[in-house]
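Here is the structure we will look at, set down as structure tokens.
Treat the numbers as computed from the prediction; the structure is a model and nothing was measured. Convention: sequence-line order gives letters A, B, ...; per-chain numbering from 1.
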There are 2 protein chains.
Amino acid sequence: MPRWKPDAVDRLQDAALELFAEQGFERTTVAEIAKRAELTQRSFFNHFADKREVLFGMSAKLQEEVVREVEEADDAGPPLDTVVRAFGVVADKLLEQRRDVVARRYAVIAANPELLERELGKNAALTDAIADALRRRGCEPGAAFLAAGAAMLAQQAAFRTWTRPGETRTLRDLLPAAAEDLRTTVGAS
Amino acid sequence: MPRWKPDAVDRLQDAALELFAEQGFERTTVAEIAKRAELTQRSFFNHFADKREVLFGMSAKLQEEVVREVEEADDAGPPLDTVVRAFGVVADKLLEQRRDVVARRYAVIAANPELLERELGKNAALTDAIADALRRRGCEPGAAFLAAGAAMLAQQAAFRTWTRPGETRTLRDLLPAAAEDLRTTVGAS
DNA sequence: TACGGTGATTGCACAAGCTGAAATCACTTC
DNA sequence: GAAGTGATTTCAGCTTGTGCAATCACCGTA
């Protein structure tokens with residue numbers, strides 16, 4: 001008989017997503033989440049820095065994978081396309097299979113300003129990490145910042161389409177179209 | 001003899017900026033800010049929704065002005081240029097004159113993740129407001145989103161340059177160059 | 001001058017988020 | 001089988017943020 005039930009982190013994440021979806025982020029207390037996961041409030045804060053962070057367990061791995069894909073890319077085209085392709089690969093590997101969980105998670109986040117801010121923070125960190133990876137590939141610093149930001153823009157546009165009800169195309173397929181839309185909108189130089 | 005010292009909001013903002021710069025955001029309590037402003041903690045929360053908000057008094061007016069400039073613009077060029085020009089006008093009106101205060105404020109924000117998240121939230125709200133303004137001008141919804149996001153990207157690039165020590169050019173002059181850099185980096189369509 | 005309404009401020013009580021420190025105890029290692 | 005490890009718990013405490021009632025100079029009006 002093990003001393004503790006296994007997978008405490010997973011239990012906390014599942015409990016939190018359920019409760020947030022049921023009754024909203026603000027009306028859910030950390031004590032409540034911990035109780036449903038059969039843990040104490042203190043244990044929650046041992047695993048997550050704050051109440052919001054429980055929804056963002058995925059983002060570290062996602063950033064890691066995207067950065068690796070950008071670093072290892074062997075193409076010589078525009079940096080925007082390098083990053084967009086990297087997004088596509090990682091989306092296939094991590095997101096496409098759990099479309100429903102991702103959508104539920106995003107619905108919870110979109111419904112709460114505090115969570116939205118945290119999401120923006122994660123996106124900004126990802127943008128910076130991508131820009132650094134591009135610089136390591138020899139990209140000019142300023143261009144790396146702009147290319148990473150533009151890629152995030154395309155990613156967000158594609159993601160918005162991807163999460164629309166009834167949408168069946170994969171994120172990987174939607175991404176190049178979003179990048180092309182961005183090029184058209186920004187205009188030729 | 002007036003019942004209360006005037007300009008409570010300004011006093012709170014000044015006290016907060018000073019204390020955050022002196023000892024950091026996290027090591028400063030709201031009670032401390034209120035005390036320096038000769039008010040109580042309760043009064044602080046009468047004026048600001050939370051501790052971070054005290055640094056963002058400017059953003060509502062800034063958004064309002066940018067949106068108005070975009071709506072009233074009478075040019076027919078690409079939406080990106082419309083927004084960038086609007087940024088330039090508003091920057092001249094609100095930012096250029098207080099370069100030092102803006103820089104100190106941004107240094108405090110950049111030093112703290114929580115404040116950075118709030119800043120990102122304000123930027124996202126501004127992006128959405130600009131996109132809406134563009135749609136009101138007849139822009140396609142998707143293109144409006146991308147153009148607004150691209151304009152924010154250029155704005156951030158220009159702002160980074162503008163706040164570098166020794167930089168003397170105005171934000172208004174830096175903005176078109178940043179937009180051109182973006183066009184070059186993203187590539188022709 | 002009197003009088004009632006307005007509104008910025010305050011005090012108080014309290015929920016909830018978050019933290020440091022010390023204790024517990026199954027499991028692992030030597 | 002002794003000692004160490006580490007996830008968990010308990011507890012006490014601080015800070016953020018809110019609801020509510022009270023204060024009282026100021027303002028308009030009679």
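Side-chain contact check for Trp162(A) and Glu96(A): at least one donor-acceptor pair (N or O, by modelled atom type) lies under 3.5 Å.
The nearest whole Å value for the distance from the CD atom in Glu32(B) to the P atom in dG17(D) is 15 Å. Going from atom CD of Glu114(B) over to atom C1' of dG17(C) covers 11 Å, rounded to whole Å. Computed from coordinates, the Leu39(B) CG to dA8(C) P distance equals 13 Å when rounded to whole Å. Atom-to-atom, NZ of Lys35(B) to P of dT9(C) comes out at 19 Å; the value is rounded to the nearest Å. Phe45(B) has its CZ atom 13 Å from the C1' atom of dA16(C), to the nearest Å. Distance NZ (Lys51(A)) to C1' (dA15(C)): 12 Å, rounded to an integer number of Å. Atoms CZ (Arg42(B)) and P (dG7(C)) sit 18 Å apart, rounded to a whole Å. Distance CD1 (Ile33(A)) to C1' (dC18(C)): 14 Å, rounded to an integer number of Å.
Nearest-nucleotide mapping onto DNA chain D: of His47(A) and Arg52(B), the residue sitting toward the 5' end is His47(A).
Within the 4.0 angstrom heavy-atom criterion, only backbone atoms of the sugar-phosphate kind lie near Ala8(B); the bases stay farther away. Residue contacts shown for Asn46(B) include a base, since a base heavy atom lies under 4.0 Å away.
Cation-pi geometry between Arg105(A) and Phe56(A) is met: under 6.0 angstrom from the ring centre, within 45 degrees of the axis.
Around atom CD of Glu71(A), more than 12 heavy atoms belonging to other residues, nucleotides or ligands sit under 6.0 Å away.
At the phosphate of dT9(C), neither OP1 nor OP2 sits under 4.0 Å from any side-chain N or O atom of Thr40(B). At the phosphate of dT15(D), neither OP1 nor OP2 sits under 4.0 Å from any side-chain N or O atom of Thr29(B).
Criterion: ILVMFWY side-chain heavy atoms under 4.5 Å apart, direct or through other members. Under it, Leu62(B) and Val54(B) are not part of a common hydrophobic cluster.
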